[in-house]
Amino acid sequence: MTDEQNKNYIAVNHTVFPIEGVAEVSALYVDTGSGDGSQPGEAYEIIDRRSIRVYAHRRVSLSTYFNAFPASYWQHWTRVRSVRLVATVKGRGLISVYKSSARGRASALASKTFADEMVTFDLPITSFIDGGSYWFDLASGDEDVTLVSAEWQVAEPENWKPGKTTVGITTFNRPTYCLNQIIAVGQNEHVHEVLDRVIVVDQGTDLVSDQPGFAAAAAALGDTLEIVRQPNLGGSGGFSRAMLEGLSSENSDYVLLLDDDAISEPEAIVRAVRFADFAVTPTIVGGGMLHLDDRSVLYTQGEVWDPRKSWMRPSGASEYDHDFAEEPLRETPELHRYLGADFNGWWMCLIPTSILREIGLSLPVFLKFDDIEFSLRARAKGYPTVCLPGVAVWHMAWHDKDPTRTWEEYFIHRNRVITGLLHSDVRNGGYLPLHSFLGDIKLLFMLQYSAVRLRHEALKDAFRGPSLLPDLLPSKQAEIRELRTKYVDSKVVDDFSTLPPVRRSSVAILGGVRKPTNPVATLALAVRVAMRQLLIKQSVGSRRNPERVIPAPDITWWRFADIDSALVTSPDGLGVAWYQRDRATMHRFLWRSIRLNLKLALGWRRLAEQYSKGAPTITSAEQWRETFDSV
């Protein structure tokens, strides 16, 4: 026997097909745009999770998000230099293997005719430094053919031990979403091969364990499932509890974090674990985010950190919100390139327990930026984050959310500043202090006084240093929500008809306004708005009647430039808030913003040193145990 024949192989990617909602998600699994013009339902029929029937004289391609093999990422991060495709097929037809380059150009590598047999291809992983994937197409002849199953396999290293993970799901009063996540994790038998435990950290009052169908979902997981109850400590508190539970098990090599309002592609769990198993160094393996309400749209396949302003952007030439139903993978060159990532959202993220033991758990920041900060902390110790194509969850999208119009703005602003203090390598935080100040100005122009007040509270708490963060964890959310209610723009009315009619009462200085089209016009209009809001008292009539209706998608600062009040619809469409200009509040908040952001800029170095020294203590397992014991 040859050396190749002596090797044992393990499947690292199973070819899979959707469980339900075929019409919505088919573009993520099967591509019929390979030349015959057929549509889903005309070319194939999904039989089960592993099998597909291709109708006579049709051709389908597996050049898709969930079924292409991400060869570039395997070459980058593992020592694997060959992959084996094993496909079991029934009927008579042709199977063809393709590869793509970093430019997204496809080339045919090999083809084999088949007749009720197992077909094997051995393929090198040696030319994918800049990008590229493998996939295969299946073509039928005069009769239907069936792909019974297909796997991408790699050779097992000597003395190799397959890894197992603790899956940690954190939930707060989203019991039906969380139950669906438990079902998704438990319903596929081969996923159980990589599971050690499934920990659901329930921080709410509407418990997932009380939901109809929970007993059946729990039975599918058996003793693997455990429900942990604790007060609401946010995502960072819930996920840190899951991390601690993972560290307590000798059998868990990883902790895989999953949001409660996300639905997994179960195969993604296996892929993440197996990729991490073969990674040369302990590696955080992240999953992409697909929109739960627009199932073929990929929010992101990797993001990077901009230390100049402590904010994120898409990796490389990729963009947010790519729709595979409109542009299939084979027609999207930028997604064939290797895309580096500095961090990954905790909608799905696999973390080796060895990293947790070395660098600690999450920052105790309740929610927002905990996932970013953790990966940046790991990167500083030499542990990369890889956002692996074909690993993803469907998650609630951001387009019906506007954090500046909720209590979350406090946590976003505070935690962004703290993350910058810990990880920005640009002197004095780059232009984060300026960006922070301009953000306040924009919100003041839009009469969102509650958001500005929360941002000021965020900076004040950031100035108090890292040691205070664990103490704020149980109580700060309630304080912030109460503080926000003191401002009129926070009050949402669900019955539009109860509000006074729209009537213009203020006078537009220098005429009406329109959207500025260049930087000079933008600056001129901003100066004009600032002078108006600082010098001219609001009209009395604007308190009796709103002067304009502004739909949530259209809210921007220049639409408020010539009015003193407006009805602004909520992002979720459930109500409307009456924004009202207040010159005294504008004066007070403007000067406070100048003072606080100047303090941030001038005190950056001292504050950054304080956080750098204090972070290891507040992220330690010991500190988190103390926090959990005290609530």
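For the pair Thr569 (side chain) and Gly573 (backbone), a donor-acceptor distance under 3.5 Å is absent. No donor-acceptor pair under 3.5 Å is formed between the side chain of Tyr579 and the backbone N or O of Val488. In this structure, the side chain of Asn344 engages the main chain of Gly287 through a donor-acceptor pair within 3.5 Å. Between the side chain of Ser375 and the backbone N or O of Ile372 there is no donor-acceptor pair closer than 3.5 Å. Checking side-chain atoms of Thr619 against main-chain N and O of Ala615 turns up a donor-acceptor pair under 3.5 Å. At least one donor-acceptor pair closer than 3.5 Å links the side chain of Trp394 to the backbone N or O of Arg295. A donor-acceptor contact shorter than 3.5 Å links the side chain of Gln203 to the backbone of Leu233. Between the side chain of Asn545 and the backbone N or O of Pro500, no donor-acceptor pair lies under 3.5 Å. For Thr627 (side chain) and Gln623 (main-chain N/O), a donor-acceptor pair under 3.5 Å exists by modelled atom type. Side-chain atoms of Arg583 come within 3.5 Å of backbone N or O of Leu535 as a donor-acceptor pair.
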- prompt: Could you walk me through whether Ser539 and Ser505 pass the side chain to side chain donor-acceptor pair (under 3.5 Å) check?
  reply: CA-CA 7 Å; Ser539 62; Ser505 58; 3.2 Å; yes

message: Would Phe445 and Phe560 count as a side-chain contact (heavy atoms from CB on, under 4.5 Å) here? Give the steps.
response: CA-CA 7 Å; Phe445 282 0; Phe560 295 83; 5.9 Å; no

- request: Would you check, one step at a time, whether the test side chain to side chain donor-acceptor pair (under 3.5 Å) holds for Glu547 with Ser506?
  value: CA-CA 8 Å; Glu547 298 186 273; Ser506 60; 2.7 Å; yes

task: Could you please spell out the steps behind the side-chain contact (heavy atoms from CB on, under 4.5 Å) verdict for Glu373 and Ile418?
output: CA-CA 9 Å; Glu373 190 282 328; Ile418 291 173; over 6 Å; no

message: Checking Glu358 against Arg377 for the salt bridge (charged side-chain N to carboxylate O under 4.0 Å, His left out) test, could you report, in this order, the C-alpha distance in whole Å, the side-chain angles of both residues, the deciding distance, and whether it holds?
response: CA-CA 11 Å; Glu358 180 175 347; Arg377 194 184 342 146; over 6 Å; no

Residues Gln181, Ser264; criterion side chain to side chain donor-acceptor pair (under 3.5 Å); working and verdict: CA-CA 7 Å; Gln181 186 70 288; Ser264 298; 2.9 Å; yes

message: Under the criterion side-chain contact (heavy atoms from CB on, under 4.5 Å), I'd like the reasoning laid out for Asp440 against Asn597: C-alpha separation, chi angles, the key distance, then a yes or no.
response: CA-CA 10 Å; Asp440 288 353; Asn597 286 291; 3.5 Å; yes

- prompt: Hey, mind stepping through Thr171 and Asp260 against side chain to side chain donor-acceptor pair (under 3.5 Å) and telling me if it holds?
  reply: CA-CA 5 Å; Thr171 186; Asp260 60 345; 2.9 Å; yes

- request: Show your reasoning for whether side-chain contact (heavy atoms from CB on, under 4.5 Å) applies to Thr419 and Trp305.
  value: CA-CA 11 Å; Thr419 303; Trp305 175 253; 3.7 Å; yes

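A donor-acceptor contact closer than 3.5 angstrom links the side chains of Arg416 and His435. Donor-acceptor pairing under 3.5 Å is lacking for the side chains of Gln580 and Asp489.
Comment: Arg229 does not engage Asp202 in a salt bridge, judged by the lack of any side-chain N to carboxylate O separation of less than 4.0 angstrom. Salt-bridge annotation for Arg481 and Glu408: absent, with no side-chain N of the basic residue lying under 4.0 Å from a carboxylate O of the acidic one. Arg414 and Asp461 are not joined by a salt bridge, as no carboxylate oxygen comes within less than 4.0 angstrom of a charged side-chain nitrogen. Electrostatic pairing of Glu303 and Arg313 does not count as a salt bridge here, judged by no charged N lying under 4.0 Å from a carboxylate O. Salt bridge Glu609/Lys613: absent, no basic N to carboxylate O contact under 4.0 Å.
Using a 4.5 Å heavy-atom cutoff, the side chains of Ile199 and Ile169 are not in contact. Looking only at side-chain heavy atoms (C-beta outward), Thr498 and Asp495 come within less than 4.5 Å of each other. Here the side chains of Pro466 and Gln610 are in contact, with some heavy-atom distance below 4.5 Å. Between Phe214 and Ile182 there is a side-chain heavy-atom pair separated by less than 4.5 Å. Proximity of Val513 to Arg528: side-chain heavy atoms (C-beta onward) are separated by under 4.5 Å at one or more points. The shortest distance between side-chain heavy atoms of Leu534 and Met586 falls below 4.5 Å. Inter-residue side-chain proximity for Met348 and Leu257 is flagged as unmet; no heavy-atom pair is nearer than 4.5 Å. The side-chain heavy atoms of Arg379 and Thr385, taken from C-beta on, include no pair separated by under 4.5 Å.
Once rounded to the nearest 0.5 Å, the distance linking NE2 of His395 with CE of Met289 reads 6.0 Å. Atom OG1 of Thr170 is separated from atom CG of Asp261 by 11.0 Å, given to the nearest 0.5 angstrom. To the nearest 0.5 Å, atoms OG (Ser467) and CD1 (Ile618) are separated by 8.0 Å. With rounding to the nearest 0.5 Å, the separation of OG in Ser240 from CG in Leu356 is 9.0 Å. In this structure, CH2 on Trp346 lies 4.0 Å from OG on Ser362, to the nearest 0.5 angstrom. To the nearest 0.5 Å, atoms SG (Cys387) and CG (Asp342) are separated by 11.5 Å.
Exactly one of Arg484, Lys476, His413, Glu409 qualifies for a side-chain contact (heavy atoms from CB on, under 4.5 Å) with Glu457. That residue is Lys476. Looking at Arg532, Arg548, Arg581 one by one, the single match for salt bridge (Lys or Arg N to Asp or Glu O under 4.0 Å) with Asp562 turns out to be Arg548.
Under the 6.0 Å distance and 45° angle rule, Arg453 does not count as a cation-pi partner of Phe589. Geometric assessment of Arg241 against the ring of Trp624 yields a negative cation-pi assignment under the 6.0 Å and 45° thresholds.
Using cut-offs of 30° and 60° on the angle between ring planes, the pair Phe411 and Trp407 is perpendicular.
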